[in-house]
Number of protein chains: 2
Amino acid sequence: MNIGDVSKRAGLPPKTIRYYEDIGLVTPLRDPNGYRSFRGSDMHKLAFLSRARALGFTIEDCRNLLALWDDKDRASADVQAIAKEHLTQIESKIADLQDIRKTLTHLVKECAGDDRPDCPILQTLENISKQ
Amino acid sequence: MNIGDVSKRAGLPPKTIRYYEDIGLVTPLRDPNGYRSFRGSDMHKLAFLSRARALGFTIEDCRNLLALWDDKDRASADVQAIAKEHLTQIESKIADLQDIRKTLTHLVKECAGDDRPDCPILQTLENISKQ
DNA sequence: GATAGAGGTTCCAGCAGGTGGAAGGTCAAG
DNA sequence: CTTGACCTTCCACCTGCTGGAACCTCTATC
């Protein structure tokens, strides 16, 4: 399979796939014309990567997950540990964003949003003490 | 004021402040010895930036907010528009992360997390159809 | 006056995770 | 035999800093 086909099937841009090859996540063969030639296993890996990335795993996490995936003697605890750690980070990000949302919602509501210059949003950024 | 003082007061690392000067967000004077010399207004801008960044505004948003802040004839609607747009993006990010959290929580729960190799996390990444 | 240490300066490189574009090779259809 | 879609490489750029090297400057102490 050429990169275009794999791209469509895995849902990853060709550029991204080349990048993944660059950083050693996948190693397709080469046709005599120099084109990358992806085997079924490469395709599988890329689909795996696509999903793992969509779940927000870092590239390094993905590298580790792929290694565990390849290792038929893995302990599921190792996989779970990566996922748990990631979940913790997701949760902390959500909490941060919710804080921001709260503040922002409040500010947007306070602001008249007309053609007058006085604006509680700017006032708050000027001096957060007002909360 | 030297960069160290400003750094402490604004809660921004010196490196960040130099970077903000680089990209034209702030333009401190210079002492004869070459040291940056921050006026009260510079200090204010940096504190403003620190807060706006903490609320997740992009640097470009910050640039625009600073311009509006400087413009005493601004319409508060312009400020509000930036904040609203940002809020929308925050909300969409929260929604994305909540989706991810849901999937991840489910996966972590499903996985035995022991020394056996079978792992629903890997299975799902292999074939998302299982959801 | 020497020296140590805590500031300050510049510049260059690198992080994550790609993306855009230029310059060129290749293939299938008409 | 040309057109257009694909492929290749390489290099630069994005966001928002951060680390480090090499060097200058100020203040305090001996």
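Each chain gets a letter, A, B and so on, in the order the sequences are listed, and its residues count up from 1.
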>> Counting distance alone, no hydrogens or angles: does the base of C:dG25 have a donor or acceptor under 3.5 Å from a partner atom on the side chain of A:Tyr35?
In response: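 Counting by modelled atom types and ignoring angles, a donor-acceptor contact under 3.5 Å is found here.
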>> Taking atom types as they are modelled, would you say the side chain of B:Lys15 forms a donor-acceptor pair with the base of D:dG20 within the 3.5 Å cutoff?
In response: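 When only heavy-atom distances are counted, B:Lys15 does reach the base of D:dG20 through a donor-acceptor pair under 3.5 Å.
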Tell me the interatomic distance from [X], atom [atom1], to [N], atom [atom2], rounded to whole angstroms.
X	N	atom1	atom2	value
B:Arg30	C:dG8	CZ	P	12 Å
A:Arg53	C:dG17	CZ	C1'	6 Å
A:Leu29	D:dC7	CG	P	16 Å
A:Asp5	C:dA28	CG	C1'	14 Å
B:Glu21	D:dG16	CD	C1'	17 Å
A:Asp22	D:dT8	CG	P	12 Å
B:Ile17	C:dT10	CD1	C1'	17 Å
B:Asp31	C:dG8	CG	P	12 Å

> Does B:Asp96 come within less than 4.0 Å of B:Lys93, counting only side-chain N to carboxylate O?
Replying inline: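 So B:Asp96 does not pair with B:Lys93 through a salt bridge.
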> So, are B:Glu21 and B:Arg30 salt-bridged, with charged N and O less than 4.0 Å apart?
Replying inline: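 B:Arg30 and B:Glu21: salt-bridged.
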> Which nucleotide in the list C:dG18, D:dC17, D:dC26 gets nearest to the side chain of B:Asn33?
Replying inline: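 Output: D:dC26.
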>> Closer than 3.5 angstrom, by distance alone: can the side chain of B:Asp42 be matched with the main-chain N or O of B:Arg39 as a donor-acceptor pair?
In response: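 Between the backbone of B:Arg39 and the side chain of B:Asp42 there is a qualifying donor-acceptor contact (under 3.5 Å).
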> Sub-3.5 Å donor-acceptor pair from the side chain of A:Ser7 to the main-chain atoms of A:Leu12, do we have one?
Replying inline: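 It does hold such a pair.
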> For atom NZ of A:Lys72, is the number of surrounding heavy atoms from other residues, nucleotides or ligands below 6.0 Å larger than 12?
Replying inline: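 Yes, NZ of A:Lys72 has more than 12 neighbouring heavy atoms, counting only those of other groups under 6.0 Å.
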When all nucleic acid strands are considered with a 4.0 Å heavy-atom cut-off, which category describes [X]: base, sugar-phosphate, or nothing?
X	result
B:Phe57	nothing
A:Ile3	sugar-phosphate
A:Arg36	sugar-phosphate
B:Pro14	nothing

> Given D:dG16, is OP1 or OP2 found less than 4.0 Å from the side-chain N or O atoms of B:Tyr20?
Replying inline: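 For B:Tyr20, the contact criterion (side-chain N or O under 4.0 Å from OP1 or OP2 of D:dG16) is not met.
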> Would you say a side-chain N or O of B:Thr16 is under 4.0 Å from OP1 or OP2 of D:dT18?
Replying inline: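 It does, given that an N or O in the side chain of B:Thr16 lies less than 4.0 Å from OP1 or OP2 of D:dT18.
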> When the nearest nucleotide of DNA chain C is assigned to B:Lys8 and to A:Gly56 on a heavy-atom basis, which residue is associated with the more 5' position?
Replying inline: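 The 5'-side residue here is B:Lys8.
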